[in-house]
Structure formats: C-alpha cells, structure tokens
Amino acid sequence: MVENLVIVESPAKAKTIEKFLGNDFLVKSSFGHVRDLFKKSISVDIEKDFKPNYEISSDKKKIVNELKKIAKEAKTVWLATDEDREGEAISWHLVKALNLEEDKTKRIVFHEITKTAITEAIKNPRGIDKNLVDAQQARRVLDRLVGYELSPLLWKKIKPALSAGRVQSVAVRLIVEREEDIKAFKSTSSYKITANFEINKDNKISVLNAELPKRFKTKDEALEFLNRCKSAEYTIISIEKKPAKKSPAPPFTTSTLQQEASRKLGFPVARTMLVAQQLYESGKITYMRTDSVNLSNLALSMAKKEITESYGAKYVKIRKYITKSKSAQEAHEAIRPTYFNNQSIEGDISQKRLYELIWKRTIASQMSDALLEKTNVNIDISTTQEKFIAKGEILLFDGFLKVYLESSDDGDSEAKKGVLPPLKIGEKLLLQEIIAMERFTQYPPRYTEASLVKKMEELGIGRPSTYAPTISTIQKREYVVKEDREGYLRKYNQISLKNNIIKEEIKAEKTGYEKAKLFPTDIGGIVNKFLVQYFKNILDYNFTANVEREFDEIAKGQKIWNEMIKDFYSPFHNQIEETLEKSKKHSGERLLGQDPKTGINVYAKIGRYGPIIQKGETEAEQKPKFAGMKKGQSIDTITLNEALELFKYPRNIGEYEKEEISVAIGRFGPYVKHKALFYSLKKTDDPASINKERAVELIEEKRKKEKEKLIKEFKEDTSVKILNGRWGPYISIDKNNFRIPKDKDPKNLSLKDCQDIVKESKNTPKKKYTRKPRKS
DNA sequence: CAGTGAGCGAGCTTCCGCTTGACTT
C-alpha cells in the first residue's frame with residue numbers, strides 16, 4: 001500500500017524523480033498517451049457535437065490495469081505529466097481511464113527535475129485545465145477528420161492504401177514543389193575574376209589572393225577585362241580593418257540536433273533519435289524530444305564550472321536563449337548532457353559521437369564570443385576603374401570556437417580567408433596571374449531529411465516527437481525516395497593572364513552530385529497534384545499555423561472546441577463530397593505514342609501497384625496489355641521505346657534441368673523464374689541481355705544459400721524442415737512457420753518433436769501480430 | 001531479411017502526438 005502515486009510520461013523520468021521523493025511516494029510512468037480515438041473508424045460522432053469515441057490503446061491495457069490497481073489503494077494520485085497541451089490531455093485521459101476520484105487526484109507541473117522544483121510542485125497542486133485539454137481534443141479530432149476523410153478519397157481516385165494528413169501531405173508538397181523549381185531552373189553563367197599577387201618581404205615570398213567584386217556576364221567582357229590588365233600597374237590604395245565577432249549557436253532542440261547530426265555525422269533523422277533515446281535512457285542526456293533552447297539554472301551553473309575549469313574564466317559567458325519558433329510549447333529543457341563534467345562517455349561509436357556533439361554544442365552555447373579582425377585591402381588597377389579586393393581575417397580570441405562550430409547546409413561556398421601578409425598603402429604589387437572562371441548559378445537545393453525537418457519546423461508543422469516518423473511515413477507510402485544521384489561532368493571556360501599572355505581553356509568539373517536527398521516519386525507527384533487542386537486550403541503552408549491560433553483560443557477559454565471543429569468540418573466535408581462526385585480518377589496518364597507495329601496507343605500511368613505501361617484503350621473490346629515499369633523509370637521521362645521494351649518480358653532464355661528459364665520484371669525488380677521458383681537479378685545484371693549461363697549461376701547461388709539455411713529435414717515427410725531464420729531456428733511446414741522453444745536443440749528434434757511443437761503452438765492462441773514499420 | 005504481379009472480388013488500407021518494449025514469420 002502506497003500513500004502517494006505519482007504518474008509521469010516516461011519511465012526514465014520516473015526513475016529520476018523517485019530519487020527525490022520520500023518512501024511514501026511511488027513514481028510510475030504512463031508511457032505517453034493511454035487513450036486514443038478508436039482506430040478502425042473515424043470515431044467522432046458528427047451528429048452529436050463531434051463527440052470522440054476513445055478507447056484504451058491496445059499496447060497500454062497492461063499499464064492502465066496496473067496503474068488502476070495502485071491508484072485504488074493510494075491516498076493521493078499526483079498527475080505530473082508535461083505542462084503542454086498533450087501533457088494536460090494525458091493527465092485528463094488518465095483520470096478517465098483509471099476512474100480517479102476528484103478529491104484524491106492532484107495535478108502538478110515542474111520545469112526542472114530537481115529536488116526543490118519537485119517538492120515545490122507538490123506544495124502547489126492544481127486541477128486539470130479543461131480548456132487546455134479541449135484544445136488537444138480539437139487538435140486530435142481535426143487530424144482524424146482530415147486524415148480519415150482524405151485518405152479513402154485517395155483510395156478511390158488514385159490507388160489503395162495511400163494516405164493524406166495535415167502534416168505529411170504538406171511535407172510531400174514541399175518536396176514535389178522543390179523538384180518542380182529545380183526542373184524549371186535555368187542555369188546562367190558569369191565570370192568570376194581572381195588575382196594572385198606575389199609579395200616579397202625580407203626574401204620571404206608569399207601570395208596575396210584578391211577578387212573582383214563584380215562578375216562579367218559574358219566571355220567577351222571577361223576577355224576584354226583581362227586584355228586591359230595586361231599592361232596595368234597594381235597599387236594598394238587602402239587597407240580597412242574592422243573588428244568582428246561570432247556568437248555561438250543556441251543549445252540543441254530536436255530539430256537542430258537532427259540537422260547537425262545529419263551534417264556532421266551523416267545520420268538519418270531516425271538514427272539520431274534512436275541513439276539519443278539510448279543516451280537518455282542511460283541517464284547521459286536530458287529529454288531528446290523538445291522544442292526549447294532553454295537551459296535550467298542548474299545546467300547553467302554546471303556549464304560555468306566546467307568551462308572555467310577546462311578553459312578558464314574568460315571563456316565563460318552565460319547566455320539565455322529565447323525560442324524563436326511560434327509553435328514551441330516548451331515543456332522541456334533544451335537537449336543537454338546531464339553532467340557537464342563528462343566530456344565523453346562509454347558506449348558504442350554512435351552514442352559516443354552524438355554525445356560529444358551535444359556536449360560541445362551545449363558548452364559552446366555558454367562561452368564567450370570569438371573576436372576577429374577583418375581586413376579589406378583595396379587594390380587599384382591603373383588601366384580600369386575596377387578594383388581588386390583582398391580579404392583577410394585574424395582570430396584575436398577564439399572563445400566558443402575552441403569547442404564547436406555549427407556547420408551550414410550550403411557547404412563551403414565562401415572562400416577561405418586567412419592571415420594576410422604585411423602590407424602598406426601605396427605599395428605596388430607584382431601580378432602572378434589573373435583567372436576568369438566561368439561559374440554557374442546553382443538550382444535550389446533538394447531537401448535532405450534534416451533540412452526538411454528544418455523547413456517543417458519553420459512552418460510550425462509537426463512536433464519534435466513526429467519529425468522522424470513523418471519522414472519515414474512519406475517514404476513508406478512511396479511518395480518520396482531518399483537517393484543518391486551520380487553527378488555529371490560540366491564544361492566551363494577559363495581564361496588566364498600570366499606573363500602578359502592570355503590563355504583560353506575549356507575545363508570540366510563534376511556537378512549535380514546528390515547524396516541522400518529526397519526525390520518525389522510519380523505517385524507523390526500525382527497525389528500532390530490532386531490534393532492541391534481540390535484541397536488547396538488544407539495543403540496551404542499556413543493551414544497548421546491558422547488552426548494552431550484557434551487551438552490557442554480554445555486553450556484560453558475564448559472558444560468552444562466542438563464549435564471550432566464544426567466550423568471547419570461542414571465546408572471541408574462538402575469539399576470531400578464534391579470531389580468524390582466531380583473529379584475523375586487520377587492516374588497521371590501520359591500518352592507516349594503508338595506502337596509502330598500495330599498503331600495502338602501506349603500510355604504510362606499509375607496502376608493498382610505502382611507505375612505501369614498500358615498498350616491499348618481501357619474501354620476497347622480488346623483488353624489492353626500491361627507491363628510494370630522498372631525501378632528508376634518515371635511516367636514523366638520514360639520514352640516510347642523504353643516502354644515497348646518492357647513488353648518483351650517474360651522472355652524465355654533457355655532450358656536448365658529440362659525446365660524453362662524465363663526472365664521477367666516484377667514488383668521487386670527483375671528476376672529469373674525456374675521451376676516456379678524466383679531468383680532476383682543482382683544490381684549489375686541487365687534483364688535485357690542476361691544469358692542462360694548467368695541465370696544458372698543465380699539459381700545455384702540461391703540453392704546454396706537455402707542449403708546453408710537448412711538445419712534438418714526428414715525423409716519421412718519432406719514438407720517439414722528445420723530452418724535457420726532471422727529470429728533463429730524455426731520449423732517450416734508448407735508455407736507455415738513455427739518457433740522452436742528455447743529449451744530445445746533444433747538439431748536433435750525428431751519429426752515427432754516437430755509435430756508436437758506445431759500442435760502446441762496451434763493450441764496456444766496467437767497474439768495479434770502488428771507489423772513493424774519498414775525501415776526507412 | 002526475403003519476398004516476386006494485376007484489370008471478375010472481399011476486405012483491407014488511413015490521421016497526429018505522447019511514449020517504449022515487443023519477441024513475431
């Protein structure tokens with residue numbers, strides 16, 4: 001029997017808090033939300049003021065029962081969930097799910113996990129803020145209505161199992177539109193002029209690099225300029241020095257951590273979150289899903305101590321950062337090390353690297369500015385009005401740079417600036433070389449997972465807990481793919497002036513290379529076009545910001561939640577009905593041309609399972625023929641010849657063991673079929689030219705692998721096999737698989753043993769198997 | 001990790017935000 005039950009969201013937090021409270025406090029965790037709208041249907045009663053139909057989430061039944069039991073016996077139940085909209089709702093749902101009595105239930109909040117903060121909170125309990133809960137209900141119901149009415153519309157109009165929602169559809173839109181911008185982008189070129197001067201001081205030779213602030217539009221202009229420089233004199237006419245400073249970046253939020261881990265460590269956002277979770281659970285960092293840049297007073301004093309001890313007092317500068325993002329709910333601190341004196345930690349390599357990144361960023365955020373001196377040297381050219389400028393930069397005091405420098409998305413476009421040699425006004429300079437290099441304007445950058453998160457945060461779309469899942473959803477739905485793209489060589493002109501001789505050259509550079517970028521698929525493009533056409537309001541980049549304003553009004557008690565939903569729903573539902581009636585099926589159909597043999601039309605479009613080629617008319621008496629498109633082919637770019645090529649499958653390429661071998665292209669790529677068995681082609685194999693010898697090789701290779709998988713088989717019954725699989729050994733009978741109990745040795749099982757195991761497992765009721773989302 | 005196709009059809013798919021262990025085919 002416990003006096004007091006405290007409930008928080010996360011077990012790691014529960015563990016920490018328990019230490020601060022006495023023996024008469026038991027701290028448990030709810031593991032997030034315990035109730036949600038019933039999953040199978042829309043579960044909002046439109047006729048009855050949008051009354052939500054909640055159920056205990058299936059994975060929370062156990063914990064709810066456990067909490068119920070403890071709560072019944074406890075004298076007081078303290079609901080200590082986060083102080084934001086979702087946190088308040090979790091507490092309210094707990095009251096409902098656990099049947100908590102009002103007079104023994106208390107709501108408390110604290111912003112820091114310290115003994116004082118918690119005991120202070122216990123002294124100042126309050127009731128549940130129903131307005132805030134209603135704001136959450138409005139958010140929840142709106143998302144359900146949008147998601148569960150739009151998605152079925154897509155099933156009808158485009159393809160089954162698609163999805164749409166307030167957050168994911170806008171994320172897809174960003175990627176589709178960026179790709180359109182890139183397609184429409186016309187690159188132009190201009191000539192950048194740089195000069196090198198030789199400086200000879202006390203027999204020490206160094207080079208001064210300078211640049212013309214202006215660029216020339218054409219090669220002729222650049223040539224003309226270089227010609228004029230032939231006989232010129234170069235004189236330093238002024239040297240300007242000015243102080244500058246650099247300030248550190250604020251501590252990490254979920255979004256900035258994902259961005260930096262992507263740039264500096266090359267982590268996809270899901271990996272960052274997984275590793276951060278491990279660090280959090282082992283007590284090494286604070287909570288990793290946060291939108292706050294705030295550090296607690298305790299953290300600030302730890303930082304001060306650590307910086308003073310490691311770098312000296314002049315490196316300390318305590319700063320309070322303010323969260324810019326309007327949508328921030330700030331229920332947590334920024335992401336920081338729990339103990340600042342741990343500069344590194346034990347753990348695997350990912351954990352070590354991510355921790356180090358967090359440690360450096362946090363420490364740097366409380367360090368002094370870096371002080372610089374920037375120098376501009378203006379160099380006169382006697383034969384023209386133009387001036388060269390040489391730029392230098394000296395670090396006077398490193399400050400936070402001693403520890404950490406944030407990287408940027410645009411790479412190192414800025415030229416390296418360093419220390420200039422000693423120079424004086426009036427000094428004549430000796431020219432080594434002037435180079436006029438053709439430079440091209442760059443198309444807007446494609447999104448990486450992390451830069452998409454950054455953009456979503458700017459638009460206020462999604463929350464720290466959903467950035468990574470959203471990105472994996474839009475990939476799972478095949479709206480976008482994360483891919484590398486080979487670059488190509490681009491020619492450019494370069495003109496140089498050296499020893500009074502002008503030389504023209506054509507050089508080549510690699511460009512267009514993309515690494516782990518997000519590209520829209522055909523389906524992504526078609527779904528987006530459909531949604532933007534018929535649901536412009538929902539796909540609007542400001543939609544979330546606008547409804548958030550209304551949620552805030554509900555939270556303040558200025559608006560009734562179901563009235564807000566009603567105002568939204570009636571026009572929205574009309575839109576759904578109207579679209580259902582008016583719009584045609586969107587298949588993205590494109591006429592490629594006519595089959596030269598028959599003159600029949602050939603189309604590229606989206607089929608039930610993805611992009612396909614159709615030969616003939618859907619309405620025609622003679623049913624059309626279909627062929628799936630290969631990976632990498634797209635409705636937009638496939639040519640008639642490539643399309644006709646696809647109808648050459650399945651193709652017979654010979655006989656093996658008296659049975660035909662054929663090649664075809666399936667859902668998972670090209671494959672070889674032999675005796676009703678399938679063998680995938682390797683990436684290096686070309687289905688158009690693969691021969692019998694290679695096909696046999698593939699068949700034998702797979703047979704060998706199968707053999708290695710086989711632990712035991714039985715002469716008496718060849719349908720029963722003991723195999724080694726992903727989760728260890730198992731028994732396979734026809735197409736059914738069964739686990740082998742841990743206490744049995746798979747090698748020594750008899751046929752009878754196997755049959756017993758099968759019988760046993762058939763008798764025990766199967767647990768519902770929920771499939772893990774595919775890895776992104 | 002392995003899995004390998006359809007235009008008759010039944011039944012299914014789907015949202016966003018909280019939070020971690022499931023222990024399978």
Side-chain angles (χ1 to χ4, degrees), chain A residues 8-13 29-37 39-43 57 59-60 62-63 81-82 84-87 89-90 93 136 139-155 159-169 277 280-281 287 289 329 331 461-467 469-470 473 477 544 607-610 612 614 618 623-628 650 664-673 676-681 702 705-706 709 723 725-728 730-732 735-739 742 761 766-772 774-775:
Chain A
V8 296
E9 280 104 329
S10 114
K13 194 168 162 187
S29 140
S30 75
F31 296 87
H33 273 297
V34 293
R35 295 205 311 176
D36 191 15
L37 292 173
K39 230 173 74 124
K40 288 284 160 201
S41 64
I42 205 148
S43 303
S57 312
D59 54 337
K60 299 294 164 54
K62 218 175 117 191
I63 186 73
T81 52
D82 295 341
D84 58 9
R85 197 163 69 201
E86 296 295 330
I90 291 174
H93 279 301
Q136 193 272 348
R139 198 280 302 154
R140 181 67 193 90
V141 166
L142 179 106
D143 282 337
R144 171 56 68 92
L145 292 173
V146 170
Y148 273 41
E149 294 216 347
L150 276 183
S151 301
L153 192 60
L154 296 181
W155 305 342
K159 182 171 114 69
L162 295 175
S163 67
R166 174 177 58 84
V167 172
Q168 59 167 288
S169 295
Q277 176 90 29
Y280 169 66
E281 281 172 16
Y287 197 58
R289 290 186 276 263
Q329 310 213 353
I461 295 163
R463 303 278 313 128
S465 66
T466 60
Y467 294 138
T470 301
T473 298
R477 299 271 175 275
T544 290
R608 204 170 179 289
Y609 296 95
I612 51 169
Q614 176 181 324
T618 319
K623 285 270 175 253
K625 283 190 173 150
F626 297 90
I665 292 169
R667 187 142 58 108
F668 308 103
Y671 63 93
V672 164
K673 196 171 165 190
L677 291 172
F678 297 85
Y679 306 88
S680 284
L681 296 200
K702 187 165 173 191
K705 260 196 191 154
E706 285 287 324
K709 226 177 88 178
L723 301 171
R726 178 154 54 130
W727 294 291
Y730 65 96
I731 298 164
S732 158
K735 289 273 169 189
N736 298 317
N737 299 319
F738 303 91
R739 261 166 75 80
K742 284 203 175 82
S761 91
K766 253 194 191 168
K767 271 189 191 163
K768 215 186 140 198
Y769 169 63
T770 47
R771 223 171 64 210
K772 238 183 170 178
R774 245 198 294 163
K775 266 200 251 165

Inset, instruction - Quick one: label E149(A) by what it contacts on the DNA or RNA (base, sugar-phosphate, nothing), any heavy atom closer than 4.0 Å. - result: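 Nothing: the residue E149(A), judged by heavy atoms under 4.0 Å, touches no strand.
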Choosing from [options], which nucleotide comes nearest the side chain of [X]?
X: T473(A); options: dG17(B), dC15(B), dT19(B); answer: dC15(B)
X: R140(A); options: dC16(B), dT13(B), dT20(B); answer: dC16(B)
X: S151(A); options: dT19(B), dT14(B), dG21(B); answer: dT14(B)
X: D143(A); options: dT14(B), dT19(B), dC16(B); answer: dC16(B)
X: Q168(A); options: dT19(B), dG17(B), dC15(B); answer: dC15(B)
X: E9(A); options: dG17(B), dT14(B), dT19(B); answer: dT19(B)
X: D36(A); options: dT19(B), dT13(B), dC16(B); answer: dC16(B)
X: S465(A); options: dC16(B), dT14(B), dC18(B); answer: dC18(B)
X: V167(A); options: dT19(B), dC15(B), dC16(B); answer: dC16(B)

Inset, instruction - Taking R144(A) for its side chain and R139(A) for its backbone only, find out whether a donor-acceptor pair lies under 3.5 Å. - result: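 Checking the backbone N and O of R139(A) against the side chain of R144(A), no donor-acceptor pair under 3.5 Å is found.
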Please answer whether [N] and [X] are stacked, defined here as ring centres separated by less than 5.5 Å and planes angled under 30°.
X: F31(A); N: dC18(B); result: no
X: W155(A); N: dT13(B); result: yes
X: F678(A); N: dG3(B); result: no

Inset, instruction - Answer with yes or no after comparing the ring centroid distance for Y287(A) and Y280(A) against a 6.0 Å cut-off, counting only values under it. - result: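 Here the rings of Y280(A) and Y287(A) have centres that are less than 6.0 Å from each other.
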Legend entry - Q614(A) or K39(A), whichever maps to the more 5' nucleotide of DNA chain B: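 Comparing both residues, the 5'-ward one is Q614(A).
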Inset, instruction - Could you say whether A164(A) or I612(A) is positioned toward the 5' end of DNA chain B, judged by the nucleotide with the nearest heavy atom to each? - result: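 Between the two, 5'-proximity favours I612(A).
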Taking 4.0 Å as the cut-off, does a side-chain nitrogen or oxygen of [X] come that near to OP1 or OP2 on [N]?
X: Y287(A); N: dT19(B); answer: yes
X: R477(A); N: dC15(B); answer: yes
X: T466(A); N: dG17(B); answer: yes
X: Q136(A); N: dG17(B); answer: no
X: K159(A); N: dT13(B); answer: no
X: K13(A); N: dT20(B); answer: no
X: R166(A); N: dG17(B); answer: yes

Inset, instruction - In whole angstrom, give the distance that lies between atom CD1 of I90(A) and atom P of dG17(B). - result: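 After rounding, the gap between these two atoms is 13 Å.
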Inset, instruction - Send over the distance from L145(A) CG to dC15(B) C1', rounded to a whole Å. - result: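 Spelled out: CG on L145(A) to C1' on dC15(B) is 10 Å.
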Inset, instruction - Could you walk me through whether E86(A) and R463(A) pass side chain to side chain contact (heavy atoms under 4.5 Å, CB included), step by step? - result: CA-CA 11 Å; E86(A) 296 295 330; R463(A) 303 278 313 128; over 6 Å; no
Legend entry - R139(A) (side chain) and dC16(B) (base): donor-acceptor pair under 3.5 Å: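 Answer is yes: a donor-acceptor pair is held.
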Inset, instruction - Return yes if the base of dC16(B) and the side-chain atoms of R463(A) contain a donor-acceptor N/O pair under 3.5 Å, otherwise no. - result: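 By the distance-only test, no, there is no pair.
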Inset, instruction - Please say whether more than 12 non-hydrogen atoms of neighbouring residues, nucleotides or ligands are located less than 6.0 Å from NZ in K673(A). - result: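 12 or below, so no.
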Inset, instruction - Before giving the answer on side chain to side chain contact (heavy atoms under 4.5 Å, CB included), spell out for Q277(A) and R289(A) the whole-Å C-alpha distance, their side-chain angles and the decisive distance to 0.1 Å. - result: CA-CA 9 Å; Q277(A) 176 90 29; R289(A) 290 186 276 263; 3.5 Å; yes
Inset, instruction - Give the stems involving DNA chain B, where a stem is 3 or more consecutive Watson-Crick or G-U wobble pairs (i with j, i+1 with j-1, and so on) under 3.5 Å. - result: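 Stems for DNA chain B, defined as runs of 3 or more consecutive pairs: none.
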Inset, instruction - Could you tell me whether the side chains of R166(A) and T544(A) share a donor-acceptor contact shorter than 3.5 Å? - result: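 Result is yes, a qualifying pair exists.
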Inset, instruction - Check whether any side-chain heavy atom of R35(A) lies under 4.5 Å from a side-chain heavy atom of K60(A), and answer yes or no. - result: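 R35(A) does not reach K60(A) side chain to side chain.
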Legend entry - Residue pair I90(A) / S30(A), side-chain heavy-atom distance below 4.5 Å: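 A side-chain contact under 4.5 Å exists here.
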Inset, instruction - Give the C-alpha distance, both sets of side-chain angles, the deciding distance and a yes or no for side chain to side chain contact (heavy atoms under 4.5 Å, CB included) between Q136(A) and H33(A). - result: CA-CA 12 Å; Q136(A) 193 272 348; H33(A) 273 297; 3.7 Å; yes
